[in-house]
Amino acid sequence: MFDILADLFRQAAPDEIDKIIYLSQGQLLPPYRGLETGMSAKLMLRAVADASGHSVAEVEKAYDNSGDMGDTAEKLLSARRPRQPVSLFDAISEPPRAETVGEVYAILMEIARTSGAGSVERKISLTSDLLSAVSPVEAKHISRFVVGKLRLGVGDPTVLEALAITHGGREHKQELERAYNNCCDLGLVATTLLSAGMDGVNRMHIRAGTPIRMALCERVSSADEIIARMGSAAVEAKYDGFRIQAHITGGDVEMFSRNLERTTGMFPEIAEALLAHLKAESAVIEGEAMAFDEITGELLPFQVTIQRKRKHDIGEMAEKFPLRFYAFDLLYLNGEDLTGLPFVERRNLLESVIVPNSVITTSEMFITERPEEITRAFESAIGRGLEGLVVKRPDSGYTAGARNFNWIKLKRSYRAELSDSVDLCIVGYFLGRGSRAKFGIGGVLAAVYDEEADMFRTVTKIGSGFSEDELADIKKMLDVTALSHRHPRVDSAIEADVWVEPRHVIKVTADELTRSQLHTAGRDETGTGFALRFPRFVGELRTDKRPEDATTVREIVRLYEMQGAAAP
Ligand code: ATP
């Protein structure tokens, strides 16, 4: 994959490298921009019919047989018949020029941006014109792209490494990664690299309006270890809600979730409060939104907060379960990137710009050098129904996109359970037996993410913890991305009955981690990896996580090392 991409990048001009990267990842723009072509399989069949001169019924039949839009388009366009006008009043337009990446990209953008009255017909006709202008094999890949099924399996780290190889050498990968963490736009990083070199990349800073990859927490097993590592520690309550990165610029607010999706529409009251109560021209603030009970003032569980995801009744939800926003970091203020400042300085600035009100407040925080104070705060947090603590290194900068010991989470641990739940990516499933046969699914094969190799490696099979309804829903969800073979980014020694694209992340708990030859996560030279013992689904689909945000191999190794250590 590196070699193929590197070869491609070598030939790309500065004004097309961004498009090549987006397209190879099946996108038109960086994912946070959320732009899609808006062409369903049904509309695509009409476009293929129009471009190939076949009837819609013929195209449908070919699609039913192959199950793949690309193969269908290639086959029918190889046997092109003269195009028929869709209605008597239509003239057949001249195919557009679609010889270069730039030309094809421009048409795809036009398809995506067409909206409003008559847009469906216009999208179909633009797509059909594009298919008419290219060869059958080109039409195959374009068709898959248009319906969102390109599936080349090119992950972000792979793109970064290939870029480093072609422009400057592998040793520059970290600089590219840093720039990417600051802007979440691989295309922008690549364009900057080609037009302004590595110096230009190193000058890329965060900006309000463009999401920043979020800093993440490491785990440790005791308060003593925290103080041993940090000396002095900033101790905060850990709110089990919904992480928000809010960007405020020129009277406008934009919010991003943990996986960098725009979530502004979900939190109207927070947007309003930020505009009304923030003493800043522009800012990027991070915090956690939590639903609370207005009468008792009690914070409510994650399951209640997450109900905001149901987009249609936000107004009703906002009334029933109002939210409070606990701001815990300030990354940018009035045109200045603050991520290089020590945490305590950012925190002081945060407190100086927020006027506390009924919606926004700063997170609870104190600084200590004594482990017993951390333990006391932890117990008090648990007693109040919070998840635990997040402890931060007072002199550390904000490390975008990194999981390191600058932030440490301490969570409630149950006896005889793993000290933390894990978030696993589903890579396949097994057909049910016995009472589950009627569901067509008995359990799932789940994997952790290997950051170094940009691969998903299995760590367990899970059959427990699912209700019957959940199983049926999960099967429906997985069947959308079912594959006839193992996905190229999945490493597994076990054969799933049905392979799926690594896309969905679920929260899982287990009794312990063991060494095992059955699974590929963290395998050593003897072929022994790690496996979860008695895993169970805890009822949560982590829709706020991308597959690459699943628990990593490195974290599994860390959890294994921590096993058996006393609770904090
Ligand atoms: P991770 O984000 O580490 O991958 P996760 O999404 O499963 O894991 P947790 O492991 O529960 O979340 O812990 C980290 C999360 O805790 C942060 O992403 C943030 O949403 C939340 N959080 C709650 N309170 C705080 C706080 N005071 N400071 C930082 N993060 C906090």
Side-chain angles (χ1 to χ4, degrees), residues 211-220 226 233-246 255-261 263 267 285-291 299 301-303 305-306 323-331 343-344 346-347 350-351 360-367 374 377-378 381-382 384-394 396 398-413 418-425 448-449 451 505-509 538 540-556 558-559 562:
I212 298 137
R213 292 189 69 213
M214 301 198 186
L216 303 171
C217 307
E218 267 288 358
R219 302 173 175 88
V220 301
I226 294 181
V235 180
E236 297 194 25
K238 183 171 194 312
Y239 305 95
D240 188 14
F242 202 91
R243 184 152 175 188
I244 292 179
Q245 189 180 82
M255 291 185 227
F256 298 98
S257 66
R258 166 79 167 71
N259 61 353
L260 308 173
E261 275 174 13
T263 47
F267 308 110
I285 293 184
E286 270 196 15
E288 194 86 356
M290 274 198 85
L299 292 171
F302 179 73
Q303 279 76 3
T305 309
I306 198 75
L323 293 183
R324 197 163 276 166
F325 182 60
Y326 293 90
F328 56 66
D329 216 321
L330 181 66
L331 314 189
F343 170 71
V344 278
R346 298 199 307 277
R347 172 81 195 195
L350 176 72
E351 286 173 12
I360 310 174
T361 163
T362 46
S363 58
E364 293 169 46
M365 196 273 294
F366 70 93
I367 294 187
I374 298 181
F378 178 79
I382 298 298
R384 288 184 295 144
L386 293 167
E387 241 195 331
L389 303 176
V390 179
V391 184
K392 299 173 182 174
R393 181 187 279 276
S396 66
Y398 182 95
T399 36
R403 186 185 297 283
N404 59 32
F405 288 99
N406 287 343
W407 286 17
I408 293 173
K409 59 187 173 192
L410 271 181
K411 283 161 86 170
R412 197 176 5 197
S413 62
L418 216 57
S419 59
D420 193 0
S421 58
V422 286
D423 296 318
L424 304 180
C425 184
V448 287
Y449 180 55
E451 294 165 292
V505 178
I506 57 172
K507 187 166 171 177
V508 174
T509 183
V538 289
E540 234 176 78
L541 268 178
R542 292 294 309 253
T543 49
D544 59 330
K545 286 199 165 184
R546 300 176 309 156
E548 290 82 5
D549 296 326
T551 299
T552 60
V553 171
R554 206 166 57 85
E555 288 178 83
I556 287 290
R558 175 91 196 127
L559 279 167
M562 279 167 53

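As the structure lists them, so they are numbered: ligands from 1, and atoms in each ligand from 1. Position 1 is the first residue of the sequence, and the numbers go up from there. Note that the coordinates shown come from a computational prediction; the quantities given were computed from them, not determined experimentally.
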So, using side-chain contact (heavy atoms from CB on, under 4.5 Å) as the criterion, who are the partners of Arg346 when residues are at least two apart? Asp329, Leu338, Leu341, Phe343, Tyr398

Partners passing side-chain contact (heavy atoms from CB on, under 4.5 Å) against Thr362 (at least two apart in sequence or in another chain): Arg347, Leu350, Glu351, Ile354

Would you mind checking if Arg554 and Glu218 are paired as a salt bridge, meaning a charged N to carboxylate O distance below 4.0 Å? yes

Any non-hydrogen side-chain atom of Phe242 less than 4.5 Å from a side-chain atom of Thr263? yes

With sequence neighbours excluded, tell me which residues meet side-chain contact (heavy atoms from CB on, under 4.5 Å) with Asp544. Arg258, Arg542

Amino acids contacting ligand 1, non-hydrogen cut-off under 4.0 Å: Leu216, Cys217, Glu236, Ala237, Lys238, Tyr239, Arg243, Arg258, Glu288, Phe328, Glu387, Val390, Lys392, Arg403, Trp407, Lys409, Lys411, Asp423, Arg542, Lys545

Side chain to side chain, Leu389 and Ile374, heavy atoms closer than 4.5 Å: yes

